[in-house]
Amino acid sequence: MGQIIIDPLTRIEGHLKIEAMVEYGVVKEARSTGTLFRGFEIILRGRDPRDAQRITQRICGVCPTSHSTAAALNLDSAFGIAAKIPGNGRILRNLILGAAHIADHILHFYHLSALDYVDIAALGKYEGKDPTLNSVKDFITRGELGPFITRYNDDFRLSQEANVELAARYLKAFEMRRKAQEAAAIFGGKLPHNIGIVPGGVTAIATVDKIASFLWRLNELRDFIDNVYLPDVIKVAKAYPDYLEIGAGCKRTLSYGVYELETTEADLVRRKRLFKNGLVSESLELEPLDISKIREEVRNSWYAEECAGKPTEGKTIPTPHKEGAYSWIKSPRSDGRVCEVGSLARVLATYVGGDPRMRELVDGALKVIGVSAKALFSTLGRHLARALGAKFIADSMPAWLLELKPGEPAYIDYEVPEESEGMGITEAARGALGHWIKIKDRKIALYQCVVPTTWNASPRDDHEQPGPIEQALAGIKIKDEKNPVEIGRIVRSFDPCLACAVHLLSPKGTEIGRVQVC
Ligand code: NFE
Ligand code: MG
């Protein structure tokens with residue numbers, strides 16, 4: 001049996017190691033390892049609860065807006081104001097998060113994944129007049145392929161023209177991400193770590209100028225999503241149809257739902273949201289979300305056994321020499337079951353939940369590609385779900401902008417309670433994101449995050465069930481073990497973020513190897 005080790009797997013955020021055992025060209029089993037401990041939540045302990053909004057954003061440079069949203073919802077609930085957020089606050093939160101998600105979806109397809117499918121070296125033979133493409137051509141023909149090199153690949157299937165076109169869009173996508181980030185900063189104050197989303201609402205006031213400024217950026221983004229991003233994903237899906245069949249993994253998705261459509265309901269599981277919550281299996285049935293069933297397991301993680309449990313009981317005692325363990329990531333499970341999170345999960349929950357606009361979007365795209373909804377459980381199904389998710393949110397935002405009441409407050413004040421508990425569940429671009437807090441003496445006694453990549457890149461659990469990425473790799477054929485392009489494509493479709501996945505808490509003073517965490 002051969003072994004393939006990719007360490008680190010690049011063009012993702014952070015430090016992921018993938019090991020695959022291969023027999024006769026087929027992956028028998030795979031292991032996903034988060035190789036770094038970060039000890040992030042320790043910083044929160046003993047602090048003013050309001051610091052969580054600022055500090056948890058620093059878990060990640062890619063999805064801080066999602067962490068700020070989860071933290072604000074968590075604190076709203078702990079402060080007893082979850083059902084009192086003003087309408088403008090609800091809408092502005094949606095707009096800031098939505099713009100950040102759009103930037104993130106574009107990042108994932110063009111800058112983190114497209115080079116698995118698009119041969120950017122085709123620009124070396126470009127003969128057109130576009131100055132940007134010619135500057136990249138000059139760069140490439142000088143032999144400076146560095147930023148564009150794919151370590152593994154001999155399986156590019158697009159035509160020369162399509163490669164050049166997609167390469168041009170790779171460059172255009174930078175500009176689009178900037179526009180989306182600018183839009184988020186209009187109400188968020190700044191990006192990547194916004195200062196607008198706070199417990200109680202949003203600090204910005206909606207003015208007609210700001211609304212117009214947001215809207216023209218949004219219009220450009222919608223144009224890009226409709227006429228470039230979604231068609232490009234479909235083009236890649238048609239050229240690589242086998243990737244609509246492989247990389248499915250556990251075939252059970254979990255969504256918390258996101259984008260508040262009301263704030264009078266304090267219970268986040270019952271609250272109406274644009275993307276629905278719930279679990280979806282391969283048979284396309286929607287199972288209700290039950291937060292009480294979520295537990296993190298640690299048998300194969302470098303943590304003491306007593307760390308297994310619900311997020312509200314979360315303990316994290318690092319044991320770097322634990323026998324048999326192989327990751328710093330814990331294994332979240334819902335009722336003991338492995339679940340994939342991500343845009344696929346929220347698109348499926350919304351689609352199976354019967355949202356007419358989502359049904360039209362998904363069915364339309366599947367028809368153009370010529371596959372059934374089951375193909376969504378696949379490598380390129382994840383990319384399609386990202387693009388469709390981007391369109392769904394972008395198309396929802398103009399109406400929200402019109403709902404804003406210029407000049408009216410977006411924030412209510414509150415008291416930090418002596419003692420309380422809270423939960424903030426939302427969706428980051430990469431999937432279900434939850435924050436939990438316990439407050440004692442007006443200080444943070446416990447802060448726990450269960451993060452999308454903790455689900456997706458998790459190691460085997462207490463019952464030795466492999467995590468979603470591990471399952472997605474098992475059984476796939478590797479054409480050339482020295483060039484395992486299949487592994488990169490499948491893993492990147494999950495868009496792993498290891499910085500997020502290993503955010504975990506270390507008890508003060510714990511010794512980790514020779515590093516003293518305090
Ligand atoms: Ni660091 Fe993150 C997102 C969160 S993934 S990117 O999206 O939460 O674990
Ligand atoms: Mg955690």
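Each ligand, and each atom within it, is numbered from 1 in the order the structure gives.
Between T453 and ligand 1, a contact under 3.5 Å exists for at least one N or O pair.
Proximity of S66 to ligand 1, defined as any heavy-atom pair under 4.0 Å, is not found for any part of the residue. At a heavy-atom distance under 4.0 Å, no atom of E13 approaches ligand 1. Neither the backbone nor the side chain of A499 has a heavy atom within less than 4.0 Å of ligand 1.
Between Y447 and H435, the ring planes lie perpendicular to each other; the angle is over 60°, past the 30° to 60° tilted range. Taking the six-membered ring where the residue is Trp, F174 and H111 present parallel rings, their angle staying beneath 30° rather than reaching 60°.
Remark: ligand 1 atoms within the under-4.0 Å shell around heavy atoms of L433 are 8 (O). Heavy-atom contacts of C497 reach the following atoms of ligand 1: 1 (Ni), 5 (S), 6 (S), 9 (O) (cutoff under 4.0 Å). Counting atoms of ligand 1 from 1 in the listed order, those under 4.0 Å from a heavy atom of C60 are 1 (Ni), 6 (S).
Proximity of H67 to C500: side-chain heavy atoms (C-beta onward) are separated by under 4.5 Å at one or more points. Proximity of E427 to R273: side-chain heavy atoms (C-beta onward) are nowhere separated by under 4.5 Å.
A cation-pi geometry, defined here as NZ or CZ lying under 6.0 Å from the six-membered ring centre and within 45° of its normal, does not hold between K172 and F224.
A salt bridge links E340 with R382: at least one charged nitrogen is closer than 4.0 Å to a carboxylate oxygen.
Among protein heavy atoms, atom 7 (O) of ligand 1 sits closest to R430 NH1, 2.8 Å.
One of the N, O or S atoms belonging to C63 lies under 2.8 Å away from atom 2 (Fe) of ligand 1.
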Stepwise ring pair (Phe, Tyr, Trp, His ring centres under 6.0 Å) check, H101 with F275:
CA-CA 13 Å; H101 276 188; F275 286 88; 8.2 Å; no
